[in-house]
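When reading the values below, keep in mind they use all heavy atoms of this one structure, side chains included, and skip hydrogens, waters and symmetry mates.
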Amino acid sequence: QVVLNLLSNAAKFARARVTVVLGFGAAAIVGPGTINASPFKANAAAPLLAYELGGTLLLGVIAAVAFATILAVVAGLTLSGASAVSHDIYSSVVKKGHADSAAELRVSRITTICLGIVAVILGIAFEKQNIAFMVSLAFAIAASANFPVLILSLLWKDCTTRGAVIGGFLGLVSSVVLTVLSPSVWEATLGNPKGSAPFPYTSPALFSMTIGFVGIWLFSVLDRSAQAVAEAVDEGAIYTCPMHPEIRQDHPGNCPKCGMALEPEMPSLEGDDENPELRDFTRRFWWTLPLSVIVMALAMVGHRLGLMSMTAQSWVEWVLATPVVLWAGWPFLERGVQSIANRSPNMFTLIGLGVASAYLYSVIATLAPGLFPTRFAAHGRIGVYFEAAAVIVSLTLLGQMLELKARSQTSAAIRSLLGLSPKTARRLNDDGTEADVALDQVQVGDRLRVRPGEKVPVDGTVLEGRSALDESMVTGESMPVSKDA
């Protein structure tokens with residue numbers, strides 16, 4: 001697939017060079033005046049150049065090549081579109097892989113007819129547009145939908161399926177919308193007055209591809225679906241709670257007793273040094289810390305500064321505290337609900353109750369202050385506690401970051417110790433030969449030879465020979481220990 005993509009891109013580049021050469025050649029030999037005077041204007045540059053250079057013979061050859069190219073392109077696009085709809089969408093998504101061949105064929109035929117109708121309508125609508133420019137717009141739309149997905153799926157390990165689908169869809173929709181709102185369509189095709197196009201640029205790729213990249217990143221980061229969790233899971237790994245080792249499961253999650261995030265029972269040498277939960281909490285903390293500081297400052301000294309009315313200040317505090325509580329504090333609220341459902345109250349139960357109570361009370365006091373007695377009023381408004389909810393979330397995030405960082409350092413130390421173990425063992429075969437095998441291929445009952453200066457690869461019993469072993473990594477004793485059969 002990669003080779004085909006490279007060949008396709010090379011062919012597109014070659015066609016672009018040919019287009020440039022033909023364009024300059026037509027401008028120099030035929031002349032811009034003759035080209036613009038023709039019924040099809042710039043689209044007639046290549047036929048006019050062929051007629052100027054070779055008469056009707058070369059014009060006929062160019063027309064035949066162009067017609068054959070159009071047939072090939074239309075046939076290829078129709079086949080790929082019909083197969084994508086019938087197989088990828090209808091069979092795989094709609095029917096969950098249980099569609100029969102007759103149904104797929106019927107959907108493919110209907111799709112072919114629909115594509116033909118749409119192509120005819122668009123061809124009539126864009127009849128006067130420059131063909132090369134329309135090709136560039138098609139490339140821009142395709143790049144907006146596909147390029148961000150290809151790049152991030154290859155280079156960013158945290159890209160999820162949901163993030164790729166939503167980001168690619170956003171790139172596709174934004175490129176189509178911006179193309180319609182651009183002068184090339186809004187004015188030239190739809191006939192609106194010149195200068196009235198909402199989007200001032202002729203090509204949307206720079207903006208729509210950026211939207212695609214941002215969409216993939218944002219929705220991958222926020223993706224907490226079961227599929228995203230499964231994609232991030234190490235196959236065969238067992239996850240357990242540091243505080244409750246009896247909790248064991250084959251996928252990440254939260255401990256049903258204390259609410260702490262489960263960790264791999266045995267760190268992997270190929271694993272990331274940084275805890276994913278630590279990375280997530282760190283991002284939430286630093287992105288919302290300025291909001292918490294501003295809310296707290298307004299609550300403490302806002303009535304003295306006189307920047308706004310106290311009613312307006314309550315609304316401002318609500319707007320600033322909402323991302324802190326509902327986004328940064330969402331993991332704590334979720335764990336608090338889980339603790340109640342599991343009938344195992346813990347720290348997150350208190351945090352969730354405190355944050356939710358302060359936030360919901362403050363929202364009601366902001367929206368309907370008349371529901372509260374007048375003695376609840378202070379400084380010209382019903383007292384609100386948005387700053388308490390925001391600060392609790394920020395301080396809890398900070399505490400979790402410090403705890404997770406300490407646990408990550410412990411895991412890194414264990415991973416360093418695992419890295420000291422040998423990667424291979426020298427196995428004695430039944431025929432007397434010896435061979436180096438990977439450590440995961442060693443079975444119970446195998447005989448291994450440990451030569452002088454080598455590390456002992458696995459636990460076992462000495463069958464023959466005698467030597468002194470350094471067991472300081474296990475016992476802490478620096479003196480070598482004698483081992484014999």
K.L.:
Report yes if some heavy atom in the side chain of L448 is under 4.5 Å from a heavy atom in the side chain of L428; otherwise report no.
P.N.:
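Not in contact.
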
K.L.:
Any heavy-atom pair between the side chains of P323 and W287 that's under 4.5 Å?
P.N.:
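Side chain of W287 against side chain of P323, heavy atoms only: no contact under 4.5 Å found.
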
K.L.:
Going from OG1 on T288 to CG on L326, what distance comes out if it is rounded to the nearest 0.5 angstrom?
P.N.:
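Reported to 0.5 Å precision, the distance equals 12.0 Å.
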
K.L.:
Nearest 0.5 Å, please: how far is CZ in R284 from CH2 in W327?
P.N.:
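Between W327 CH2 and R284 CZ, I get 5.5 Å after rounding to 0.5 Å.
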
K.L.:
For I382 and A365, work out which heavy atoms get closest and say how close.
P.N.:
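Smallest interatomic distance, heavy atoms only, reads CG2-CB, 3.7 Å.
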
K.L.:
So which heavy atom on S175 is nearest to which on L172, and how close?
P.N.:
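Taking every non-hydrogen atom into account, OG-O, 2.7 Å.
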
K.L.:
Measure across V295 and L320 and return the closest heavy-atom pair with its distance rounded to 0.1 Å.
P.N.:
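Of all heavy-atom pairs spanning V295 and L320, the closest is CG2-CB, 3.4 Å.
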
K.L.:
Do T202 and S182 touch side chain to side chain, with heavy atoms closer than 4.5 Å?
P.N.:
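A side-chain contact under 4.5 Å is absent here.
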
K.L.:
Please check if the side chain of S357 supplies one atom and the backbone of G354 the other of a donor-acceptor pair under 3.5 Å.
P.N.:
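No: the side chain of S357 does not pair with the backbone of G354.
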
K.L.:
If you look at every heavy atom in I247 and C255, which pair is closest and at what distance?
P.N.:
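Closest approach of I247 to C255: CG1-SG, 4.0 Å.
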
K.L.:
Evaluate the side-chain hydrogen bond (donor to acceptor under 3.5 Å, both in side chains) criterion for residues T311 and R381: first the C-alpha distance (whole Å), next the side-chain angles of each, then the deciding distance (0.1 Å), finally the verdict.
P.N.:
CA-CA 6 Å; T311 302; R381 66 170 179 175; over 6 Å; no

K.L.:
Kindly compute the distance separating CG (L333) from OH (Y359), expressed to the nearest 0.5 Å.
P.N.:
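One finds 10.5 Å between CG of L333 and OH of Y359.
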
K.L.:
In chain order, what residues pass the ring pair (Phe, Tyr, Trp, His ring centres under 6.0 Å) check against Y201, with sequence neighbours excluded?
P.N.:
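If we apply the ring pair (Phe, Tyr, Trp, His ring centres under 6.0 Å) test to Y201, skipping adjacent residues, the hits are F199, F207.
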
K.L.:
According to side chain to side chain donor-acceptor pair (under 3.5 Å), who are the partners of S174, at least two apart in sequence or on a separate chain?
P.N.:
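Here no residue qualifies.
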
K.L.:
Determine yes or no for a side-chain-to-main-chain donor-acceptor pair under 3.5 angstrom, with Q400 supplying the side chain and F281 the backbone.
P.N.:
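A pair under 3.5 Å: no.
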
K.L.:
Short question: side chain of S344, backbone of I340 - any donor-acceptor pair under 3.5 Å?
P.N.:
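Checked: no pair found.
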
K.L.:
For the CZ atom of F285 and the CG atom of L398, what is their distance to the nearest 0.5 Å?
P.N.:
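CG of L398 is found 4.5 Å from CZ of F285.
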
K.L.:
Drop me the distance from L307's CG to L298's CG, to the nearest 0.5 angstrom.
P.N.:
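Going from CG on L307 over to CG on L298, the span is 7.5 Å.
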
K.L.:
Walk me through it: do K257 and E246 pass the test side chain to side chain contact (heavy atoms under 4.5 Å, CB included)?
P.N.:
CA-CA 11 Å; K257 293 185 176 182; E246 67 274 13; 2.7 Å; yes

K.L.:
Would you name the heavy atoms of S339 and N346 that are closest together and state the gap between them?
P.N.:
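It is CB-ND2, 3.5 Å.
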
K.L.:
Could you tell me which residues satisfy side chain to side chain contact (heavy atoms under 4.5 Å, CB included) with A103, sequence neighbours excluded, listed by chain and number?
P.N.:
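In terms of side chain to side chain contact (heavy atoms under 4.5 Å, CB included), with neighbours along the sequence ignored, A103 is linked to Y90, D100, R106.
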
K.L.:
Measuring from C159:SG to F219:CZ, what's the distance to the nearest 0.5 Å?
P.N.:
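Atom-to-atom, C159:SG and F219:CZ are 13.0 Å apart.
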
K.L.:
Under a 4.5 Å cut-off applied to non-hydrogen side-chain atoms, are W286 and L397 in contact?
P.N.:
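A side-chain contact under 4.5 Å is absent here.
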
K.L.:
Please report, to 0.1 Å, the donor-acceptor pairs under 3.5 Å made by any side chain of residues 384-396, with sequence neighbours excluded.
P.N.:
residue, atom, partner, partner atom, Å
S394, OG, S292, OG, 2.7
S394, OG, A390, O, 3.3
T396, OG1, I392, O, 2.6

K.L.:
Checking W330 now: which residues fulfil ring pair (Phe, Tyr, Trp, His ring centres under 6.0 Å) with it, not counting sequence neighbours?
P.N.:
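W330 satisfies ring pair (Phe, Tyr, Trp, His ring centres under 6.0 Å) with no other residue.
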
K.L.:
Could you list the residues that satisfy side chain to side chain contact (heavy atoms under 4.5 Å, CB included) with M308, not counting sequence neighbours?
P.N.:
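For M308 the side chain to side chain contact (heavy atoms under 4.5 Å, CB included) partners, ignoring immediate neighbours, are A312, Q313, V316.
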
K.L.:
In residues 145-155, what donor-acceptor pairs under 3.5 Å come from side-chain atoms, sequence neighbours left out?
P.N.:
residue, atom, partner, partner atom, Å
N146, ND2, A142, O, 3.2
S153, OG, V149, O, 2.6
S153, OG, L150, O, 3.1

K.L.:
For I364, enumerate each residue passing the side chain to side chain contact (heavy atoms under 4.5 Å, CB included) test, keeping only those at least two apart in sequence or located in another chain.
P.N.:
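With sequence neighbours excluded, I364 shows a side chain to side chain contact (heavy atoms under 4.5 Å, CB included) to L371, F372, given in chain and number order.
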
K.L.:
Check whether any side-chain heavy atom of I166 lies under 4.5 Å from a side-chain heavy atom of I216, and answer yes or no.
P.N.:
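With C-beta onward as the side chain, the pair stays apart.
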
K.L.:
Using the test side chain to side chain donor-acceptor pair (under 3.5 Å), find all partners of D446 that sit at least two apart in sequence or belong to another chain.
P.N.:
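D446: side chain to side chain donor-acceptor pair (under 3.5 Å) contacts with R427.
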
K.L.:
Evaluate the criterion side chain to side chain contact (heavy atoms under 4.5 Å, CB included) for residue pair T424 and V437; output intermediate values, then yes/no.
P.N.:
CA-CA 5 Å; T424 60; V437 297; over 6 Å; no

K.L.:
Under the side chain to side chain contact (heavy atoms under 4.5 Å, CB included) rule, collect the residues that match up with N192, sequence neighbours excluded.
P.N.:
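W186, L190, S196.
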
K.L.:
Could you tell me if the side chain of R447 sits less than 4.5 Å from the side chain of E434, heavy atoms only?
P.N.:
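No. Closest side-chain heavy atoms not under 4.5 Å.
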
K.L.:
Of all residues at least two apart in sequence or in a different chain, which pass the side chain to side chain donor-acceptor pair (under 3.5 Å) check with E334?
P.N.:
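Checked E334 against side chain to side chain donor-acceptor pair (under 3.5 Å); zero matches.
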
K.L.:
Going through the checks in order, is the salt bridge (Lys or Arg N to Asp or Glu O under 4.0 Å) test met by E277 and R335?
P.N.:
CA-CA 14 Å; E277 188 181 30; R335 295 178 187 183; 2.2 Å; yes

K.L.:
Output all residues satisfying side chain to side chain donor-acceptor pair (under 3.5 Å) with E104, sequence neighbours left out; order by chain, then residue number.
P.N.:
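Scan of E104 (side chain to side chain donor-acceptor pair (under 3.5 Å), adjacent residues dropped) gives S91.
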
K.L.:
For M401 and L278, which heavy atoms make the closest approach, and how far apart are they?
P.N.:
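Heavy-atom minimum between the residues: O-CD1, 3.6 Å.
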
